[in-house]
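Not measured: the values here are computed from a predicted model.
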Amino acid sequence: MAPPSAHDPGPRSSLGADAKTDAQLTAGLKRLVSDDGKTGWRLGSRIRNAFLTGLVIVGPVTITLWIMWGVIHWIDAWIKPLLPTTFNPDTYLPFPLPGLGLVIAIVGLTLIGALAANLLGRTLVSSGELMMSRTPIVRNVYGALKQIFESVISTTGPNSSFQKVGMIEFPSKEIWSLVFVTGETTGEIKDAKPGGAEDLLTVFMPTGIVPPTGFICFVPRANVVFLSMTVEEAAKIVLSGGIVMPDVAEKMKRLAAAEKKASRFRLGGDEPAA
């Protein structure tokens with residue numbers, strides 16, 4: 001019997017080749033299963049992200065429109081029954097006209113505000129407030145509601161007295177709260193120099209969720225950390241309970257773009273005319 005040649009793989013080499021082929025096949029199957037799982041996971045993640053993105057876009061718009069629609073219908077239910085039949089379009093139109101009560105209410109409030117600016121209007125308003133302030137129980141409710149409305153108008157109006165946004169350590173050390181800086185402290189409080197501090201700032205610290213409520217604090221200027229955010233951005237943080245935070249990166253991009261545009265404008269204006 002002839003001895004096996006060097007080129008003959010023999011039974012051992014054949015077994016090794018089969019084992020190697022089986023290992024490659026097993027690894028390929030594992031990789032295929034792993035890729036399929038990863039593809040399915042990516043597809044599910046994309047669907048979930050798309051759903052959440054749509055919810056973020058549609059949710060606030062839908063809730064806002066629903067609240068506005070409810071308010072319009074509520075005002076219409078109060079105002080329309082007071083209108084004479086001749087001036088109520090619902091009596092001769094085939095469908096109810098939504099928003100008519102809201103328009104009438106806005107026009108009426110504007111006229112009342114305009115009339116209150118003259119002497120006769122101020123006299124009538126003063127007489128009404130005097131009567132309300134002298135009525136037991138009613139004066140407490142009226143006084144509280146008037147303060148709330150005045151606070152809301154003063155904080156959201158164009159002539160808001162809030163100048164800057166800052167932070168102070170409240171209610172204890174290493175716990176910081178947002179405050180609105182209204183200005184420098186003057187008068188008797190400044191002359192009293194509480195704690196020996198002479199340079200005091202008057203700040204309003206809202207309690208959150210309900211903007212008219214809060215604390216009036218007189219804080220040394222050194223204890224106030226000023227922020228670059230606007231009053232509107234701080235108000236969003238307070239009203240949302242800290243859920244909505246200002247996008248600092250986006251704000252920096254807008255500032256950089258505005259500065260770049262301004263610099264181009266300045267360079268263009270400095271160039272000599274040809």
dist Glu232:CD -> Thr230:OG1 (nearest 0.5 Å) comes out at 4.5 Å

Minimal non-hydrogen separation, Pro98 against Pro96, with atom names: CD-O, 3.2 Å

Which atom names give the shortest non-hydrogen contact between Lys80 and Gly101, and what distance separates them? CE-N, 4.5 Å

Closest contact, heavy atoms only, Ser133 versus Arg139: O-CD, 3.0 Å

If Ile, Leu, Val, Met, Phe, Trp and Tyr residues are connected whenever their side-chain heavy atoms lie under 4.5 Å apart, and connections chain through other members, are Trp74 and Ile63 in the same group? yes

Are Leu83 and Leu97 connected, step by step, through hydrophobic side chains (Ile, Leu, Val, Met, Phe, Trp, Tyr) whose heavy atoms are closer than 4.5 Å? no

Flag the pair Arg221 and Glu184 as a salt bridge only when some basic side-chain nitrogen lies within less than 4.0 angstrom of an acidic carboxylate oxygen. yes

Do Leu200 and Pro220 have side-chain heavy atoms sitting under 4.5 Å apart? yes

Output the distance between atom CZ (Phe218) and atom CG (Leu201), rounded to the nearest 0.5 Å. 11.0 Å

Do other residues, nucleotides or ligands put more than 12 heavy atoms under 6.0 Å from the CZ atom of Phe51? no

Please report the interatomic distance CD1(Ile67) to OG1(Thr62), rounded to the nearest 0.5 Å. 11.0 Å

Spell out, as yes or no, whether a donor-acceptor pair under 3.5 Å connects the side chain of Thr182 to the backbone of Thr202. yes

Main-chain N/O of Ser45 paired to Asn49 side chain as donor or acceptor, under 3.5 Å: yes

Test Glu129 against Tyr142 for side-chain contact (heavy atoms from CB on, under 4.5 Å), laying out the working first. CA-CA 9 Å; Glu129 290 184 346; Tyr142 172 75; 3.1 Å; yes

Taking all non-hydrogen atoms of both residues, which atom of Val224 and which atom of Gly166 are closest, and how far apart? CG1-CA, 4.5 Å

Please state whether the rings of Phe215 and Phe170 are parallel, tilted or perpendicular, taking 30° and 60° as the class boundaries. tilted

Glu169 side-chain N/O to Glu174 backbone N/O, donor-acceptor pair under 3.5 Å: yes

Distance col, row Ile175:CD1 vs Met167:CE, nearest 0.5 angstrom, shows 13.0 Å

Do Ile79 and Ile106 share a hydrophobic cluster (ILVMFWY, side-chain heavy atoms under 4.5 Å, transitive)? yes

Nearest 0.5 Å, what's the CD1-CG distance between Ile72 and Leu100? 11.5 Å

Quick one: does any side-chain atom of Thr135 pair with a main-chain N or O of Val138 as donor and acceptor, under 3.5 Å? no

Test item: Thr91 side-chain N/O and Thr85 main-chain N/O as donor-acceptor pair under 3.5 Å: yes

For Phe95 and Asp90, which heavy atoms make the closest approach, and how far apart are they? O-OD1, 4.2 Å

Would you name the heavy atoms of Pro60 and Ile57 that are closest together and state the gap between them? CD-O, 3.9 Å

Does the Ser126 side chain pair with the main chain of Thr123, one donor and one acceptor, at a distance under 3.5 Å? no

Are the side chains of Val231 and Val165 in contact, using a 4.5 Å heavy-atom criterion? yes

Is the closest side-chain heavy-atom distance between Val181 and Phe204 below 4.5 Å? no

Looking at NZ of Lys193 and CD of Glu198, how far apart are the two atoms once the value is rounded to the nearest 0.5 Å? 4.0 Å

Is it true that atom CG of Leu130 has more than 12 heavy atoms of other residues, nucleotides or ligands lying nearer than 6.0 Å? yes

Is there a chain of hydrophobic side chains (I, L, V, M, F, W, Y, each step under 4.5 Å between heavy atoms) that links Trp78 to Val71? yes

If hydrophobic clusters are built from ILVMFWY residues whose side chains come within less than 4.5 Å, do Met68 and Ile75 share one? no

Side-chain contact test, heavy atoms from C-beta onward, threshold under 4.5 Å: evaluate it for Leu178 versus Ile237 and give yes or no. yes

